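Quick caveat: nothing in here was measured; it's all calculated off a predicted structure.
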There are 2 protein chains.
Amino acid sequence: MNLKDLAARLGLSQTTVSRALNGYPEVSEATRQRVAAAAEKYSYRPNTRAKGLATGRSMAIGHVIPISAQHEMVNPVFGDFIAGAGETYAAAGYDMVLSLVQDSQEKRVYREMFAKGNVDGIVVHAPEMQDPRIALLQDIGLPFAVHGRASDVHTPYNWLDMNNKNAFLRATDFLLDLGHKRIGLLNGLETMDFAHRRRIGYVEALLNRGLAVDPQLMRSEEMTENYGYRAVRQMMKLPNPPTAYLVSSMIPAIGIRRAIHDAGLVMGRDISVITHDDDLSYLRNGDDVPLFTATRSSVREAGQQLARILIEQILNPQEAPKTKLLEAELTVGLSTGPNMEGR
Amino acid sequence: MNLKDLAARLGLSQTTVSRALNGYPEVSEATRQRVAAAAEKYSYRPNTRAKGLATGRSMAIGHVIPISAQHEMVNPVFGDFIAGAGETYAAAGYDMVLSLVQDSQEKRVYREMFAKGNVDGIVVHAPEMQDPRIALLQDIGLPFAVHGRASDVHTPYNWLDMNNKNAFLRATDFLLDLGHKRIGLLNGLETMDFAHRRRIGYVEALLNRGLAVDPQLMRSEEMTENYGYRAVRQMMKLPNPPTAYLVSSMIPAIGIRRAIHDAGLVMGRDISVITHDDDLSYLRNGDDVPLFTATRSSVREAGQQLARILIEQILNPQEAPKTKLLEAELTVGLSTGPNMEGR
DNA sequence: AACGTTTTCCAAAGCGATTTGGTAATCGAA
DNA sequence: TTCGATTACCAAATCGCTTTGGAAAACGTT
């Protein structure tokens, strides 16, 4: 059933039917009712492509997920972020189109998306410190919003970020307050902007107390379970091993827990662990009592809010970019305790 | 830059330019070259919506992700499946459009997707035993392919499934061969078809050896880490607790590991665990030695192959539906050992 | 040279919506 | 009664592509 048929069935012109359905005023209330009823009856839905062609908008938003050639890992955070964004899109009538792209091809894909006109805007994932995608998208003139920030990009753009530096500063402070002096940092890849900011927070907290920053205690890798396990096993062999660890995600934190157990120690008593917790739906941090002491910030909520920012930008292209910084919440769980060394 | 402009610049008709770019024969090789060069130079890309309107195809495939109201969890498997499917789509020139939908609304969404014509086909996720979506999609006449199967649906349709029954039968056999008599089953939600089949495999293995099936040893819940922990803690309190566990995914398996440790026991020595492993990129089962004994089947590969099946169906709508059953591979890791009870 | 084929191109008609630029019909006020 | 304004509708243009139905030019054959 298309507009033409529907109009014919109603004995009206396509114009009138279209106007009636789209809420334009130049249609009498009576016919509007009649049209609405018929549309319902024949379950008429305007063809997306035709509508898009006529209006010049596609009512779709693109998410380009870079798959790096070396470590072809899908960010585990991705599912929940998408779920959040998807809720907002659905409510606003937007579709979400996903492209999985080799990161070498990413720029080409952005240009193509614009040229082919199949999205009205783009969400940029996993920004690096001087991420070239931002300048590219500004250059192209395609509305976009970034999940995170790029430290070395200084032109304004839409972003939503968790306050990574502050979260890790507070977490480190918390461990220092418990008497820990040697704290291992298991960071994500520090080419990623978020990881870079986290390290800054960690370092700043140490320096604030006049403590030395030991490169041997700092790691930066992709956040897998094994990474947590391996890194901690190795650091434990140091002459002066850490008494506490700060880790970037629940998944390596689980690996840390395993390493601690394997060494015959107890997490929270012998060794303290704080993790960042993205509040993933399938990896809840304990039922009532949080398992890990953690800085928590819901990635799903981030998805919701960033989607809203982008949609607003699309609707009002002249408006200045919006930014939002979410603060993480520090919840104390069972994985931390006072430094018992030398008691 | 659109077709009209490009044709004007070349002094050719839109027809000729279109044909040249789409590889039709009625264009001389010389002008084809000329057109290709100009298209490249002005980086011309046909507008997706216009092309779709003209051809009647949208070159997009829909994935409807149901979000159930009770437990609004995003399946952790989802990211990797999408990654696999995405590779195939990209290679074949298809876009992927995602809809996150409250499961109560799901049927409406399928109908709308068809009516609005914004996808050429659909991938059905997480089928239940008598999944009504299959009949619905057949009724609508929209090409689709199912990741998994629906036991109670007997009309032919495209599907790709892992041999869940066989995997769990073999895993159970493996534990029985090690001398375990009481084996706990931590299954996924058994309204899901895959979980139902897994239970059948488990039960069949027990019955084959004339062993009783104890309902107290069988659980069926959403596959979170806490689920694994809680269930095993509880089963351990039984007068006659299991000496081994069979679990549906790595994530609850990690919870089981925690429960075993917390009880002061050693996994693989005191208690054996076998898990199914979807081979997720961010949850590898150990580095060189597998951590868990597991039945493994790559969900990413499943995504790739199912996407291929669907695309074929779209291109040849008259062809009979295709099906594919992947066998899981049993890899022995550190989490299993002989039953030491009473030695 | 004549004639049928093949090659190479083009004008125009779609695809299914929105939107522009109207026109009758009705209404109110002078 | 007349005339401008308002109401309620419509025909046709438009978005950017593909595709149909030619038609002119080149070619081959006799």
Side-chain angles (χ1 to χ4, degrees), chain A residues 1-39 42-60 93-95 112-120 315, chain B residues 1-36 38-39 42-60 93 95 112-120 315:
Chain A
M1 171 69 59
N2 57 23
L3 184 61
K4 196 167 158 188
D5 295 348
L6 185 62
R9 278 232 194 340
L10 282 162
L12 289 171
S13 74
Q14 298 189 32
T15 308
T16 302
V17 175
S18 172
R19 311 219 96 137
L21 292 173
N22 289 310
Y24 284 81
E26 47 274 84
V27 176
S28 76
E29 199 45 38
T31 58
R32 187 189 302 286
Q33 300 285 350
R34 209 159 61 86
V35 170
Y42 301 111
S43 66
Y44 164 75
R45 294 278 178 285
N47 180 291
T48 310
R49 297 188 295 278
K51 186 167 187 157
L53 187 55
T55 59
R57 286 173 302 121
S58 64
M59 295 307 283
Y94 282 85
D95 281 332
E112 269 184 16
M113 278 202 160
F114 177 70
K116 299 199 299 182
N118 48 3
V119 297
D120 294 336
L315 297 180
Chain B
M1 170 70 56
N2 57 22
L3 185 61
K4 197 167 157 189
D5 295 347
L6 186 62
R9 277 232 195 341
L10 282 161
L12 290 169
S13 74
Q14 298 189 35
T15 307
T16 304
V17 176
S18 172
R19 309 219 99 136
L21 292 174
N22 290 311
Y24 284 80
E26 49 273 85
V27 176
S28 75
E29 198 46 38
T31 58
R32 187 188 302 285
Q33 299 287 349
R34 210 157 61 86
V35 169
Y42 300 113
S43 66
Y44 165 75
R45 295 277 177 283
N47 180 292
T48 310
R49 298 189 295 280
K51 185 164 188 161
L53 187 55
T55 57
R57 287 172 303 122
S58 65
M59 295 307 284
D95 280 332
E112 269 185 15
M113 277 201 160
F114 177 70
K116 300 198 298 180
N118 49 3
V119 297
D120 293 336
L315 297 180

Atom OH of B:Tyr24 and atom C1' of C:dT6: how far apart are they, to the nearest Å?
-> 20 Å
Could you state the CG-P distance from A:Leu6 to C:dT18, rounded to the nearest angstrom?
-> 11 Å
Do B:Thr16 and B:Ser13 meet the criterion of a side-chain donor-acceptor pair at a distance under 3.5 Å?
-> yes
Interatomic distance where CG belongs to B:Asn22 and C1' belongs to C:dT8 [whole Å] = 17 Å
The helix from C:dA1-D:dT30 to C:dA30-D:dT1: angle between end helix axes, five pairs per end, rounded to 10 degrees | 50°
At the 4.0 Å heavy-atom cut-off to chain B, mark where contacts on DNA chain D begin and end, going 5' to 3'.
-> D:dG16 to D:dT20
Hey, does the side chain of A:Arg32 reach the backbone of A:Tyr24 with a donor-acceptor pair shorter than 3.5 angstrom?
-> yes
With distance as the sole criterion, do the side chain of B:Thr16 and the base of C:dT8 form a donor-acceptor contact below 3.5 Å?
-> no
Is the side chain of B:Arg49 donor-acceptor paired with the backbone N or O of A:Gly52 at a distance under 3.5 Å, no angle test?
-> yes
For the pair A:Asp120 (side chain) and A:Ser58 (backbone), establish whether a donor and an acceptor sit closer than 3.5 Å, ignoring hydrogens and angles.
-> yes
Sidechain-backbone polar pair: A:Ser18 side chain, A:Gln14 backbone, donor-acceptor under 3.5 Å = no
Whole angstrom is fine here: how far is it from CD in A:Glu26 over to P in C:dT23?
-> 17 Å
Polar contact flag, side-chain donor to acceptor under 3.5 angstrom, B:Asn2-B:Asn47 = no
Return the value, rounded to whole Å, for the distance between atom CZ of A:Arg49 and atom C1' of C:dC15.
-> 9 Å
Identify which nucleotide among C:dG16, C:dT18, C:dG14 has an atom closest to any side-chain atom of A:Leu3, counting heavy atoms from C-beta outward.
-> C:dT18
Let me know, please, whether B:Leu53 or B:Glu29 comes out on the 5' side of the other along DNA chain C by nearest nucleotide.
-> B:Glu29
May I have the distance from A:Leu21 (atom CG) to C:dG16 (atom P), rounded to whole angstrom?
-> 17 Å
Which comes earlier along DNA chain C counting from the 5' end, the contact point of B:Thr31 or that of A:Ser18, where each point is its nearest nucleotide?
-> B:Thr31
How close or far is atom P of C:dA17 from atom CZ of A:Arg19, stated in whole angstroms?
-> 16 Å
Are the side chain of A:Thr48 and the backbone of B:Gly117 linked by a donor-acceptor contact shorter than 3.5 Å?
-> no
Separation of C:dC15 C1' from A:Asn2 CG (nearest whole Å) = 10 Å
Are any non-hydrogen side-chain atoms of A:Leu3 and A:Tyr44 less than 4.5 angstrom apart?
-> yes
For B:Arg34, check salt bridge (charged side-chain N to carboxylate O under 4.0 Å, His left out) against everything at least two apart and list the hits.
-> none
Under 4.0 Å: is that the gap between some side-chain N or O of A:Tyr44 and OP1 or OP2 of C:dA17?
-> yes
B:Ala54, nearest nucleotide to its side chain (from C:dG14, C:dA17, C:dC9) = C:dG14
Determine whether any donor atom in the side chain of B:Thr15 lies under 3.5 Å from an acceptor atom in the base of C:dA11, or the reverse, and answer yes or no.
-> yes
Beyond-backbone contact of A:Asp95 with A:Met59, side-chain heavy atoms, under 4.5 angstrom | no
